[in-house]
Amino acid sequence: MNTLKIEGEGGSSTIYLNSSISNVKDLIGGRRTVIITDENLFRLHSASFPNAAEIIVVPAGEASKSLKSAGDVFRRLVDAELDRDSLVLGIGGGVVTDLAGFVACTFMRGISFGFVATTVLGQVDAAIGGKNGVNLDGFKNLIGIIRQPEFVLNDTAMLDTLPNEEIINGTSEIIKSGLIADLSLFEMMESAAAAESPYDVLDMGKAASMAAAVKVGVVNRDVFEHGERRHLNLGHTLGHAVEKIARLPHGYAVAVGMVAAAEISQARHMISADDVSRIRKVITAFGLPSFIDIDLKKSMDAIRKDKKRQSDKVNFVLLKALGEATVIPIAFEELEEALRDLR
């Protein structure tokens with residue numbers, strides 16, 4: 001079982017790659033524990049859950065990542081008589097781990113928490129790095145805090161029970177990781193994309209581990225997103241708008257945002273048309289969209305409320321090359337014109 005380590009101002013975290021939920025009991029020890037999970041995970045895997053004072057089951061889906069859900073969970077934690085030596089364990093994908101982390105960080109001003117990540121998206125991105133938060137009125141992750149989970153355990157066997165849509169959803173973040181910081185990962189995805197059935201030839205375990213290593217490396221260098229960590233938002237500024245307006249799953253929406261970012265990068269003479277074509281081919285080969293026709297005004301309204309806004313500009317992630325990202329403040333008027341041209 002390989003491990004990665006995050007060490008910094010936000011605390012330390014150990015990520016256990018290619019692991020199993022059966023190992024989590026050793027990480028919990030004798031602490032009083034409350035598990036937070038969703039209906040799908042509970043139905044499929046509750047028999048393998050460790051012993052807990054209580055299991056809180058929330059509805060599956062983005063709607064559970066809200067202040068209302070957090071309030072309901074807080075009350076359950078009080079009823080379970082948790083104290084500052086207790087632990088919250090999130091078992092699930094990004095919605096569950098974001099909610100569980102946010103609740104743990106704010107309950108009694110912060111108690112310990114850990115995750116068992118059960119989706120590709122969770123194992124390569126959402127559960128790693130200490131970003132814990134909930135949505136507000138459909139706007140992604142507006143309410144939150146950065147604090148590291150004590151551990152993240154990636155259970156690869158649980159990926160076998162995921163619907164195809166969720167595998168595709170997480171693959172988007174793997175592609176993103178290669179584009180921003182690991183050309184060899186992108187080229188591995190590109191090689192698999194050339195096959196008739198890319199998912200049959202892709203070594204998902206290896207790809208996910210490489211993507212997780214990208215994120216851990218970036219977070220270790222920039223825990224609180226003052227610089228390099230912003231690169232992890234490639235495709236996310238437009239992607240969050242697409243997710244909100246078109247109700248696409250997160251990874252699907254980010255794929256649209258990545259292609260748009262690549263095309264804007266080309267328009268600024270940072271990468272070539274061939275680079276954009278390579279990116280689009282990989283994205284579409286893995287079943288992800290490269291474009292969606294949504295209302296431009298609604299998109300810009302959503303982008304103006306993005307966390308990355310600074311006055312009349314937004315910090316937008318572009319590509320200097322395949323495997324190398326940069327952040328450029330773009331005025332909203334310029335961005336709107338660029339997106340209009342892309343349409």
Side-chain angles (χ1 to χ4, degrees), residues 1-8 10-31 33-38 41-42 44-52 55 86-102 104-105 111-132 146-162 166-167 169-171 173-174 177 181-182 185 202-221 223 229 232:
M1 181 170 58
N2 296 326
T3 61
L4 300 168
K5 190 84 171 179
I6 291 174
E7 303 264 15
S12 63
S13 182
T14 303
I15 296 90
Y16 297 87
L17 305 174
N18 302 312
S19 189
S20 166
I21 193 172
S22 62
N23 297 317
V24 77
K25 61 181 181 297
D26 295 327
L27 302 176
I28 293 172
R31 287 175 288 183
T33 299
V34 166
I35 293 172
I36 300 174
T37 191
D38 69 29
L41 263 295
F42 186 78
L44 292 170
H45 299 291
S46 60
S48 62
F49 285 9
N51 292 328
I55 300 176
S86 302
L87 180 127
V88 170
L89 177 65
I91 303 178
V95 169
V96 167
T97 57
D98 275 4
L99 174 64
F102 175 74
C105 287
I111 64 174
S112 296
F113 64 105
F115 301 141
V116 177
T118 64
T119 65
V120 177
L121 184 61
Q123 293 184 7
V124 306
D125 182 60
I128 298 173
K131 282 189 175 181
N132 313 282
I146 295 178
R147 181 165 159 255
Q148 299 301 330
E150 189 177 300
F151 58 84
V152 180
L153 192 151
N154 287 351
D155 189 319
T156 50
M158 286 188 176
L159 300 182
D160 294 337
T161 61
L162 288 176
E166 278 303 317
I167 297 290
N169 194 36
T171 300
E173 292 285 356
I174 295 176
S177 298
D182 189 344
L185 174 55
L202 177 67
D203 185 338
M204 181 60 78
K206 180 179 180 181
S209 294
M210 291 173 71
V214 166
K215 181 155 191 182
V216 167
V218 170
V219 172
N220 272 326
R221 293 187 291 272
V223 172
R229 186 164 183 171
L232 295 167

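FYI, side chains are in, hydrogens and waters are out, and symmetry mates aren't considered; it's all heavy atoms of this structure. All values reported here derive from a predicted model rather than from experimental measurement.
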Return each pair, listed once, that meets salt bridge (charged side-chain N to carboxylate O under 4.0 Å, His left out) where at least one residue sits in residues 14-26; pairs must be two or more places apart or across chains.
-> none
Around atom CZ of Phe42, are there more than 12 heavy atoms of other residues, nucleotides or ligands at under 6.0 Å?
-> no
Thr97 and Asn132 have their tightest heavy-atom pair at O-OD1, 4.4 Å
Ile111 side, atom CD1; Cys105 side, atom SG - distance, nearest 0.5 Å = 9.5 Å
Quick check: does any side chain N or O of Arg229 sit under 3.5 Å from a backbone N or O of Val223, one acting as donor and the other as acceptor?
-> yes
Considering non-hydrogen atoms only, spot the tightest contact between Ala127 and Phe115 and give its length.
-> O-CD1, 3.5 Å
His45 vs Thr118, side-chain contact (heavy atoms from CB on, under 4.5 Å): CA-CA, chis, key distance, verdict = CA-CA 10 Å; His45 299 291; Thr118 64; over 6 Å; no
Measure across Ile21 and Leu153 and return the closest heavy-atom pair with its distance rounded to 0.1 Å.
-> N-CD2, 3.8 Å
Under 4.5 Å between any side-chain heavy atoms of Val152 and Ser13, yes or no?
-> yes
Contact list for residues 205-220, test salt bridge (charged side-chain N to carboxylate O under 4.0 Å, His left out), sequence neighbours left out | Asp125-Lys215
Can you name the closest pair of heavy atoms from Gly90 and Ala100 and give their distance?
-> CA-CB, 3.9 Å
Under 3.5 Å donor-acceptor, Ser19 side chain and Tyr16 backbone | no
Is the side chain of Asn220 donor-acceptor paired with the backbone N or O of Lys5 at a distance under 3.5 Å, no angle test?
-> yes
Any side-chain heavy atom of Glu7 within less than 4.5 Å of one from Ser12?
-> yes
Val214 to Ala181 - nearest heavy-atom pair and separation = CG1-CB, 3.8 Å
So among Asn18, Leu17, Val120, which one has a side chain to side chain contact (heavy atoms under 4.5 Å, CB included) with Thr156?
-> Asn18
Find the distance between CE (Met158) and OG (Ser48) and round it off to the nearest 0.5 Å.
-> 4.0 Å
Do Ser112 and Val88 come within less than 4.5 Å of each other through their side chains, counting heavy atoms only?
-> no
